[in-house]
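Report on the structure given below.
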Amino acid sequence: MNTTVPGTPEPGADPTDPRTVVVRYVDAVATGDLETVRASFAADATWTYPGDVPLTGVYRGRDTIVDEFLLGAGVLFAPGGAPAVTLTNVIADGGQVVAEWTSKGLAATGRVYDNACLGVFTVADGLITSVREYADTQHVERSLFGGPQPG
């Protein structure tokens, strides 16, 4: 098992290595590199998002993941409030990669979005074939969709 802190892969690293693929993908999300984001997924990839919020579901296919889920979530943020994504941990074992990241931004509701997320990625032949994401969906409901605040 390869347990390392996140960061740019070493020069000369195998670009199809699962850890490298996931780090490159998260870095592309963080920098807004949509071309690399889209190229990171297999055509028939799936993304499963948990909970009981409007984003909940299984997104099937690269274009659906990028255009409907990832870009669709972008409209939930205030102009100029897009979340800053920071990769905090990566653990890789064969084709399975677990990545943790934080997302911090200003929601269109005017509320602060500050969530810790985890994704279990499956990578094959240098492409992400599936993701199961875990996040505080209660925080998502409150901050992004205007649900009741605690207390």
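Remember, it's a predicted structure, so these values are computed and weren't measured experimentally. Numbers here are sequence positions counted from 1.
The cluster map of Ile, Leu, Val, Met, Phe, Trp and Tyr, joined by side-chain heavy atoms under 4.5 Å apart, puts Leu34 and Val85 in the same cluster. Put simply, Phe145 and Leu106 are part of two different groups of oily side chains (I, L, V, M, F, W, Y) that touch within less than 4.5 Å, one to the next. Both Leu71 and Leu76 belong to a common hydrophobic cluster when Ile, Leu, Val, Met, Phe, Trp and Tyr are linked at side-chain heavy-atom distances under 4.5 angstrom.
A distance of 9.5 Å separates CG of Asp17 from CZ of Arg24, quoted to the nearest 0.5 Å. Here the OG1-CZ distance, from Thr129 to Phe121, works out to 11.0 Å after rounding to the nearest 0.5 Å.
Thr46 places none of its side-chain heavy atoms less than 4.5 Å from the side chain of Arg132. Looking only at side-chain heavy atoms (C-beta outward), Val98 and Leu118 come within less than 4.5 Å of each other. Contact annotation: the side chain of Val90 approaches that of Val23 to within less than 4.5 Å [non-hydrogen atoms, C-beta and beyond]. Side-chain atoms of Tyr25 and Val123, non-hydrogen and from C-beta on, never get closer than 4.5 Å to each other. Between Glu141 and Pro54 the shortest side-chain heavy-atom distance falls below 4.5 Å. For the pair Thr86/Trp101, no side-chain contact is recorded, criterion being any heavy-atom separation below 4.5 Å from C-beta on. In this structure, Leu70 and Ile65 have side chains that are in contact, with non-hydrogen atoms separated by less than 4.5 Å.
Between Trp47 and Phe41, the ring-plane angle classifies as tilted under the 30° and 60° cut-offs.
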**Message:** Determine whether Leu144 and Phe77 satisfy the following criterion, side chain to side chain contact (heavy atoms under 4.5 Å, CB included), listing intermediate values before the conclusion.
**Reply:** CA-CA 7 Å; Leu144 298 183; Phe77 291 89; 3.7 Å; yes
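Residues Glu133 and Thr48 have side chains that never bring a donor and an acceptor to within less than 3.5 angstrom of each other.
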